[in-house]
Number of protein chains: 2
Amino acid sequence: MQPQNNIRLTNRRKVIIEELRKLHTHPTADELYEVVRKRLPRISLGTVYRNLEFLAGKGIIRKLEIGGTQKRFDGDLDIHQHIRCTECERIDDLPAGTAVTRCDREILENTGYEIIERRVEFIGICPACRARRAGEGPGHSGVVDTH
Amino acid sequence: MQPQNNIRLTNRRKVIIEELRKLHTHPTADELYEVVRKRLPRISLGTVYRNLEFLAGKGIIRKLEIGGTQKRFDGDLDIHQHIRCTECERIDDLPAGTAVTRCDREILENTGYEIIERRVEFIGICPACRARRAGEGPGHSGVVDTH
DNA sequence: ATAATAATAGTAATGATTACTATTAACAAA
DNA sequence: TTTGTTAATAGTAATCATTACTATTATTAT
């Protein structure tokens, strides 16, 4: 068949996925690089970056576009919310069912976090980009790579 | 009095604040730089960066730590939510009262945005940093600069 | 007007990420 | 198994956003 549609299961990819799924710390690319390097000492940082983007594009892992200076990645595909520390930038998962309406005291008891702010971000396609897409005609069928 | 507590109202600052408040596009530092440059052709990009951080630290403007590769700033201090386009990265305000529970159709009608995702981010101080802060003793009184 | 000091312009440095390219590895077909 | 095709990789260079540095300029209190 079309070999260009195949995802090559390289050892690099396997180890990157495995180590990301072991962690629950939503690591940055360089943090994961340090972990993966223990198993693959010759791997390069660029390979980690490239594969994290590649795997996120395929929906195998998730890229968090949360605030902060570095990109972060998550091996857990289940829908869940995050909580970020303003001091050290660490990101934790919130317990399932934590709602925007829960009081700070309850979150403090469940997570140990002292809440400073809740932020709601909606992500979508703006009117101008929707028009531009429509104008491009029906040429692009199927999946659109957004990275 | 203590001159170190004064905020010098330089022309640079006045123009930066004025132009940011005129815009409702949540500009990046370089976008605002291009606008401000029309009035102050000799201003440097560093001055724009420095003053945006400075003014955000004073609570005169807001720094958005929303996803995306560049920092964005907002002259509107009222509490409100944002909507970001995944294609062009533009950020708009959501109409007041737009709730996480509103259906996509209603948001589409009000804003023209096709919703892809809603993200809830909690921001706070993690247990480890709270402990570290407590251990530092009561030495730091009053306002803490977090930038 | 003068002194003290904060702010600025211009430039260099930094840090995260991406691009480039010769080499290597994975897979399909023989 | 060997070979051919092509994707993936390592290592490095380049890029982009942001921050740091420093001599000079501007602001404010006196």
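Throughout, protein chains are lettered first and strands after them, A, B, ... in sequence-line order, and every chain is numbered starting at 1. Values below: every heavy atom of this structure, side chains too, minus hydrogens, waters and symmetry copies.
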Chemist: Can you measure from CD1 (A:Ile83) to CD (A:Glu114) and round to the nearest 0.5 angstrom?
Modeler: 10.5 Å
Chemist: Does B:Arg42 have a side-chain nitrogen or oxygen under 4.0 Å from the phosphate oxygens OP1 or OP2 of C:dG10?
Modeler: yes
Chemist: Atom NZ of A:Lys14 and atom P of D:dT9: how far apart are they, to the nearest Å?
Modeler: 12 Å
Chemist: Is there a side-chain contact between B:Asp93 and B:His82 (heavy atoms, below 4.5 Å)?
Modeler: yes
Chemist: Using five base pairs at each end, measure the axis-to-axis angle across the helix from C:dA1-D:dT30 to C:dA30-D:dT1 and round it to 10 degrees.
Modeler: 40°
Chemist: Examine distances only and state if a side-chain atom of B:Arg130 and a backbone atom of A:Gly112 form a donor-acceptor pair shorter than 3.5 Å.
Modeler: yes
Chemist: Is there a continuous path of hydrophobic side-chain contacts, each under 4.5 Å between heavy atoms, that joins A:Leu108 to A:Ile91?
Modeler: no
Chemist: Is the closest basic N to carboxylate O distance between A:Glu19 and A:Lys38 below 4.0 Å?
Modeler: no
Chemist: For C:dT8 and B:Asn51 - does any side-chain N or O of the residue sit under 4.0 Å from the phosphate oxygens OP1/OP2?
Modeler: yes
Chemist: Look for any protein N or O under 3.5 Å of an N or O in nucleotides 15-22 of chain D and output each such pair with its distance, or none.
Modeler:
| residue | atom | partner | partner atom | Å |
| --- | --- | --- | --- | --- |
| D:dT18 | OP1 | B:Lys71 | N | 2.6 |
| D:dT18 | OP2 | B:Tyr49 | OH | 2.3 |
| D:dT18 | O5' | B:Tyr49 | OH | 3.3 |
| D:dT19 | OP1 | B:Lys71 | NZ | 3.0 |

Chemist: Mind calculating the distance between CZ (B:Arg13) and P (D:dA26) to the nearest angstrom?
Modeler: 15 Å
Chemist: Nearest-Å distance, CZ (A:Arg37) to P (D:dA10)?
Modeler: 12 Å
Chemist: Would you mind reading off the distance between B:Leu40 atom CG and D:dT25 atom C1', rounded to a whole angstrom?
Modeler: 15 Å
Chemist: Do A:Glu109 and A:Arg105 sit within salt-bridge range, that is, some charged N less than 4.0 Å from a carboxylate O?
Modeler: yes
Chemist: Looking only at heavy atoms, which two atoms of B:Ile43 and B:Tyr33 are closest? And how far apart?
Modeler: O-CE1, 3.5 Å
Chemist: Nearest-Å distance, CG (A:Leu32) to C1' (C:dT17)?
Modeler: 15 Å
Chemist: Should the ring pair A:His26 and A:His80 be called parallel, tilted or perpendicular, given that the plane angle runs from 0 to 90° and is split at 30 and 60?
Modeler: tilted
Chemist: Nearest-Å distance, CZ (B:Phe54) to P (C:dT8)?
Modeler: 9 Å
Chemist: Could you tell me whether the phosphate oxygens of C:dA9, OP1 or OP2, come under 4.0 Å of any side-chain nitrogen or oxygen in B:Thr47?
Modeler: yes
Chemist: From CD1 of A:Ile43 over to C1' of C:dT24, roughly how many Å is that when rounded to an integer?
Modeler: 14 Å
Chemist: So which nucleotide from D:dA26, C:dC27, C:dA9 ends up closest to the side chain of B:Arg8?
Modeler: D:dA26
Chemist: What integer distance in Å separates A:Leu64:CG from C:dA16:P?
Modeler: 17 Å
Chemist: Is it the case that the side chains of B:Asp92 and B:Tyr113 hold a donor-acceptor pair, with the cut-off being a distance below 3.5 Å and no angle test?
Modeler: yes
